[in-house]
Amino acid sequence: MTDTKFRPRRSCLYMPASNKRALEKAKTLPADTIIFDLEDAVAPDAKEEARENACAALRSGEYGNRELVVRLNGMDTPWFAADLKQACESRADAVLVPKILDADEIIRISDLMADRNANLDTKLWAMIEMPQAIMNLGAIAALGAQKRLTSFVMGFNDLAKEMRAEHDRANFGSIMTQTVIAARAYGLNIIDSVYNDFNDPDGLEAECLEAKKLGFDGKSLIHPAQIETANRVFAPQPEALAEAEAIIAAFKDPINAGKGVIVVNGKMTELLHFKQAKQLVATSEAIGSLAK
Ligand code: COA
Ligand code: MG
């Protein structure tokens with residue numbers, strides 16, 4: 001069940017749903033997606049209150065056209081069932097389920113969501129942060145064609161811990177590529193992991209650039225100071241847009257009618273590039289319309 005309409009997800013900002021000040025601030029922040037966290041950023045004693053805050057925020061109608069996602073507690077916790085039920089009833093755009101292991105879990109959650117919210121409005125996003133999920137990527141992603149699953153979100157803090165690896169980006173390059181391929185094979189969106197050092201804009205920018213090159217849609221963020229960088233890097237760049245517009249104009253030129261391959265700015269340009277160019281312009285327009 002892939003999203004039918006494209007929407008930008010350059011910047012996906014987590015916030016502990018127990019932090020009312022952050023929830024309030026998010027109403028004015030230019031993040032494409034807000035993720036109200038009920039899981040690791042919330043202490044056990046604050047779980048119920050955080051869930052209530054998140055649901056009140058979902059129902060408030062005060063977040064403009066930001067996409068609103070709730071990260072639930074894991075399926076094996078005492079909070080999961082109520083988290084899922086209430087997030088669906090409060091019409092979250094999506095629920096993000098942590099520590100997914102395999103395709104069976106996606107089926108179970110989708111079935112529970114069908115009970116809670118028969119209208120299919122609330123989508124399912126899966127955290128890819130467990131070694132088992134990496135082993136099962138293809139089978140999990142394949143459910144994107146028929147279940148509510150629409151997005152993967154990388155979680156390298158947990159994955160490094162589970163792998164007993166150092167949290168060094170070099171350890172995750174092949175996993176990022178593998179996960180992009182699995183996601184794209186079934187039309188899923190894919191969001192990169194967080195950058196923990198929120199006082200280091202250069203390090204954040206380097207990770208955004210790397211992820212964008214690999215095909216990611218955007219980056220998970222933890223602090224408002226990170227939003228501008230992600231929004232800038234994951235948006236189509238002016239040079240790329242100018243090139244796309246030249247390709248579109250060339251294919252629309254009657255002189256090229258019926259041709260499958262032409263030369264634009266000295267480069268071989270095929271119909272697939274025409275399609276890509278139109279997609280880039282549509283992405284840019286979608287970003288523009290978010291600001292309205
Ligand atoms: N979302 C929205 N607002 C946030 C925010 C966030 N993730 N992080 C900080 N802010 C707000 C603060 O509330 C503060 O607002 P104010 O100006 O109204 O007082 C302002 O931004 C400045 O915050 P700052 O003092 O720089 O940060 P901090 O020391 O209070 O918090 C963190 C630092 C890391 C604890 C905090 O950014 C945070 O909780 N991030 C998200 C963590 C999370 O959700 N993790 C789960 C996924 S890995
Ligand atoms: Mg995690």
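Indexing begins at 1, ligand by ligand and atom by atom, following the structure's order.
- The option from Leu96, Leu38, Ile222 that lies nearest to atom 48 (S) of ligand 1, judged by heavy atoms, is Ile222.
- With ligand atoms numbered from 1 in the order given, ligand 1 contributes 43 (C), 44 (O), 45 (N), 46 (C) to contacts under 4.0 Å with heavy atoms of Ala41.
- Remark: atom 17 (O) of ligand 1 lies closer than 4.0 Å to at least one protein heavy atom.
- Ligand 1 places these atoms under 4.0 Å from at least one heavy atom of Asp37: 46 (C).
- Less than 4.0 angstrom separates some heavy atom of Pro224 from each of these atoms of ligand 1: 3 (N), 4 (C), 5 (C), 6 (C), 8 (N), 9 (C), 10 (N), 21 (O).
- No donor-acceptor contact under 3.5 angstrom links the side chains of Arg148 and Ser110, judged on distance only.
- Residue, atom and distance of the protein heavy atom nearest to atom 44 (O) of ligand 1 are Tyr14 CB, 3.4 Å.
- Distances from the Mg ion (ligand 2) show that Asp158 has an N/O/S atom below 2.8 Å.
- Summarising the geometry of Gly74 relative to Phe80, their closest heavy-atom pair is O-CB, 3.1 Å, with the distance given to 0.1 Å.
- Closest to atom 32 (C) of ligand 1, if we only count protein heavy atoms, is Phe198 CE2, 4.4 Å.
- The Mg ion (ligand 2) is closest to atom OE1 of Glu129 (considering only N, O or S atoms).
- Residue Arg71 places no N or O, backbone or side chain, under 3.5 Å from any N or O of ligand 1.
- For the pair His223 and Leu13, the tightest heavy-atom approach, listed with the atom from each and the gap, is N-CD1, 3.5 Å.
- Contacts between Met15 and ligand 1 below 4.0 angstrom, taking non-hydrogen atoms only, involve backbone and side chain alike.
- For atom 39 (O) of ligand 1, a protein heavy-atom neighbour is found at a distance under 4.0 Å.
- Interatomic distance, CG of Leu29 versus NZ of Lys25, reported as 6.5 Å (0.5 Å rounding).
- A salt bridge is defined here as a Lys NZ or Arg NE, NH1 or NH2 lying under 4.0 Å from an Asp or Glu carboxylate O, and Arg232 with Glu228 meets this definition.
- For atom 29 (O) of ligand 1, no protein heavy-atom neighbour is present inside the 4.0 Å cut-off.
- At a cut-off of 2.8 Å, Glu39 is not counted among the residues with an N, O or S atom near the Mg ion (ligand 2).
- Among all non-hydrogen protein atoms, the one lying nearest atom 12 (C) of ligand 1 is Lys25 CD, 4.4 Å.
- No salt bridge links Arg7 with Asp217; every basic N to acidic carboxylate O contact stays at or beyond 4.0 Å.
- Of the N or O atoms in Asn157, none lie within a sub-3.5 Å distance of an N or O in ligand 1.
- Of all non-hydrogen atoms in Ala17 and Val42, the two that sit nearest each other are N-CG2, 4.0 Å.
- A heavy-atom separation below 4.0 Å is not found between Asp40 and ligand 1.
- Residues Ile35 and Cys12 share a closest heavy-atom pair of CD1-CB, 4.0 Å.
- Taking a 4.0 Å cut-off on heavy atoms, Pro16 registers as neighbouring ligand 1.
- Expressed to the nearest 0.5 Å, how far CG of Asp168 lies from CD of Glu166 amounts to 6.5 Å.
- Going from atom CD of Glu207 over to atom OH of Tyr195 covers 6.0 Å, rounded to the nearest 0.5 Å.
- Heavy atoms of Glu39 stay at 4.0 angstrom or farther from ligand 1.
- Heavy atoms of Leu13 found under 4.0 angstrom from ligand 1 belong exclusively to the side chain.
- Residues Arg9 and Asp192 are not paired through a salt bridge, judged by the lack of any N-O separation under 4.0 Å between the basic side chain and the carboxylate.
- Considering both main-chain and side-chain atoms, Asn19 never comes within under 3.5 Å of ligand 1 through any nitrogen or oxygen pair.
- Contact annotation: the side chain of Leu38 never approaches that of Phe36 to less than 4.5 Å [non-hydrogen atoms, C-beta and beyond].
- If you check the side chains of Asp83 and Asn73, you find a donor sitting under 3.5 Å from an acceptor.
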